[in-house]
Amino acid sequence: MAPCEILELLEAGYQKLADSDSKSLLKKHLTKPIFDKLKTKVTPSYCSTLLDCIQSGLCNLDSNVGIYAPDPEAYQTFAEIFDPIINDYHKGFGKGAKHPASCFGYGADFPDLDPEQKFILSTRVRCGRSIQDFPFNPCLSEDDYRKLECMITNVLSTLCNEHAGKYYPLVGMEKDVQQKLIDKHYLFKEGDRFLQAANASRFWPTGRGIFINRARTFLVWVNEEDHIRIISMERGGDLGRVYERMIIGLESLAHSLKFSSDSRLGNLTFCPTNLGTTIRASVHIKLPHLGKDRAKLEEMAKKHNLQVRGTSGEHTEAKDGVYDISNSRRMGLTEYQAVGEMHKGISALIEAECKEC
Ligand code: ADP
Ligand code: DAR
Ligand code: MG
């Protein structure tokens, strides 16, 4: 697309966003002076533009955030808009802040959140990783997707013991098998409009797939939103065991794959909400009293730096009162602290629920 066309789309998109009642962080922080300063910039290696970064938020005015990094350099080239959004989302990660060195701690420090199994249906801990020297979705060629899939699945095939399993490419997967895996919350959904508008679904389903261990408690997503999502999950509330399983899986992959990171931002990901630790620890939980009013539940959760999602993840509704509640902060604290915030917050919600009983 010619620079003048890009500029036209940006000016029109910016005006539409400015005139809208969007609640996105993009709308909140993309002031006219910042917009004017960034609208002609491009990243050095991939020539990514401001439009590449914000087109999802311009198309989807109901975005919570509305911006992605098309390549790792975008966080630097477009820092004037990424930094205030990062600071806002991660609740205080200012320009001078530096993400701490990794510290996973020990799963044993996080006892079962619901030993009597009254509230929590299942627990999941995931992190994301990007492979060094590759850009993010919008800048990947079809061949890049194939190369990434080959690099990652070669390492996955060496996993042993509890983590040993099989890779299932989306190419050639029967639609009913795919839907069953999605319905069981193992596999990512298809056709996420936020990712599509961000140009993150090109050449779909080439290079995309899921690795599943024998017990279906350790999963790896390949080339969905990030190059890799490393997921541990099981029924019940034993956060410590789920967390330990994810750590072991991540460390096994880290022996053979070089991950993309930044001295200030930590692990680099497509979306700024996942930078740093990239950790999201969540429970599928039923809170008969607190869950009656989602707005009130979200308000209470926010006080504990928790985020409430629907039963099938973000941008979905809760079915049968089952919410996905997780830590929202992923930057400016260690993995151990992020999981600790979730453990503390979920315990507080369960305590509040019991007071209503
Ligand atoms: P992520 O940030 O990990 O990509 P999403 O909101 O996109 O999360 O949801 C991805 C999938 O993970 C969805 O199917 C969602 O239902 C599932 N999920 C999240 N937390 C849990 C949990 N504790 N137990 C079972 N499935 C979960
Ligand atoms: N859906 C986009 C991204 C929000 C964060 N979730 C991610 N990265 N999956 C939005 O702006 O709402
Ligand atoms: Mg997701």
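As a basis for the values below, the full set of heavy atoms in this structure was taken, side chains included, without hydrogen atoms, waters or symmetry mates. Counting starts at 1 for both ligands and their atoms, following the listed order.
Taking only non-hydrogen atoms, the option from His315, Arg309, Glu225 nearest to atom 7 (O) of ligand 1 is Arg309. If you check each of Glu314, Lys319, Arg229 against atom 1 (P) of ligand 1, the one with the closest non-hydrogen atom is Arg229. Of the options Arg235, Glu234, Arg280, the smallest heavy-atom separation from atom 8 (O) of ligand 1 is shown by Arg280.
For atom 20 (N) of ligand 1, the nearest protein heavy atom (residue, atom name, distance) is Ser282 OG, 2.7 Å. Summary of contacts: the protein heavy atom closest to atom 8 (N) of ligand 2 is Glu225 OE2, 2.8 Å. The protein heavy atom nearest to atom 5 (C) of ligand 2 is Thr273 OG1, 3.6 Å. Closest to atom 9 (O) of ligand 1, if we only count protein heavy atoms, is Gly313 CA, 3.7 Å. Looking from atom 18 (N) of ligand 1 to the surrounding protein, the closest heavy atom is Arg124 CD, 3.5 Å. For atom 13 (C) of ligand 1, the closest heavy atom belonging to the protein is Ser312 O, 3.6 Å.
Inspection of the Gln196 and Asp192 side chains reveals no N or O donor paired with an N or O acceptor under 3.5 Å. Under 3.5 Å, the side chains of Tyr75 and Arg264 contain no donor-acceptor pair of N or O atoms. Side-chain polar atoms of Gln307 and Glu298 form no donor-acceptor pair below 3.5 angstrom. One side chain, Arg126 or Asn274, offers a donor N or O that lies under 3.5 Å from an acceptor on the other. Using a 3.5 Å distance cut-off with no hydrogens or angles, the side chains of Gln178 and Tyr168 do not pair a donor with an acceptor. Using modelled atom types and a 3.5 Å distance limit, the side chains of Asp226 and Thr269 yield no donor-acceptor pair. Using modelled atom types and a 3.5 Å distance limit, the side chains of Asp109 and Tyr336 yield a donor-acceptor pair. Residues Asn267 and Thr278 have side chains that never bring a donor and an acceptor to within less than 3.5 angstrom of each other. Thr123 and Glu234 share no donor-acceptor pair across their side chains, judged by distance under 3.5 Å alone. With 3.5 Å as the limit, one finds no donor-acceptor pair spanning the side chains of Ser122 and Arg235.
A donor-acceptor pair under 3.5 Å is absent between the side-chain atoms of Ser22 and the main chain of Lys27, judged by distance alone. For Asn60 (side chain) and Ser56 (main-chain N/O), a donor-acceptor pair under 3.5 Å exists by modelled atom type.
Remark: Arg294 fails to qualify as a cation-pi partner of Tyr323 under the 6.0 Å distance and 45° angle criteria applied to the six-membered ring. Because its NZ or CZ atom is both nearer than 6.0 Å to the ring centre of Trp221 and within 45° of the ring axis, Arg124 counts as a cation-pi partner of that residue. In this structure, Arg129 is positioned above the aromatic face of Phe259, its NZ or CZ under 6.0 Å from the six-membered ring centre and within 45° of the axis.
For ligand 2, the polar-atom distance check finds an N/O of His315 within less than 3.5 Å of one of the ligand's N/O atoms. For ligand 2, none of its N or O atoms has an N or O atom of Asp62 under 3.5 Å away. Residue-to-ligand polar distances keep Ile67 apart from ligand 2: every N/O pair is separated by 3.5 Å or more. Between Arg126 and ligand 1, an N or O atom pair is found at a separation short of 3.5 Å. At least one N or O atom of His185 sits closer than 3.5 Å to an N or O atom of ligand 1.
The atoms of ligand 1 that sit less than 4.0 Å from any heavy atom of Ser122 are 22 (C), 23 (N), 24 (N), 25 (C). Applying the 4.0 Å criterion to heavy atoms of Asn274 picks out, from ligand 2, the atoms 8 (N). Listed by atom number, the atoms of ligand 1 under 4.0 Å from Val283 heavy atoms are 23 (N). Of all atoms in ligand 2, numbered sequentially from 1 with element shown, those under 4.0 Å from a heavy atom of Gly66 are 11 (O). Here is the list of ligand 1 atoms found below 4.0 Å of a heavy atom in Thr311: 16 (O). Contact atoms of ligand 2 toward Val65: 4 (C), 10 (C), 11 (O), 12 (O) (distance under 4.0 Å to a heavy atom of the residue). Every atom of ligand 2 with a heavy atom of Cys271 under 4.0 Å away is listed here by number and element: 5 (C), 8 (N). In summary, the atoms of ligand 2 found under 4.0 Å from a heavy atom of Phe194, numbered by their order in the structure, are 1 (N). If you number the atoms of ligand 1 from 1 as listed, the ones under 4.0 Å from a heavy atom of Met233 come out as 25 (C), 26 (N). Of all atoms in ligand 2, numbered sequentially from 1 with element shown, those under 4.0 Å from a heavy atom of Glu314 are 4 (C), 5 (C), 6 (N), 7 (C), 9 (N). Each of the atoms 10 (C), 11 (O), 12 (O) of ligand 2 lies under 4.0 Å from some heavy atom of Asn64.
Screening Phe78, Phe136, Phe270 for a ring pair (Phe, Tyr, Trp, His ring centres under 6.0 Å) involving Tyr68 leaves a single residue, Phe270.
Ligand 1 has at least one atom lying under 4.0 Å from a heavy atom of Trp221. Under the 4.0 angstrom criterion for non-hydrogen atoms, Tyr68 is in contact with ligand 2. The closest approach between a heavy atom of Asn274 and any atom of ligand 1 is not below 4.0 Å.
For Asp324, every heavy-atom contact with ligand 1 shorter than 4.0 Å involves the side chain, none the backbone. Both the backbone and the side chain of His284 come within 4.0 Å of ligand 1, counting heavy atoms alone.
Between the OG1 atom of Thr206 and the CG atom of Asn223 there is a distance of 10.0 Å, given to the nearest 0.5 Å.
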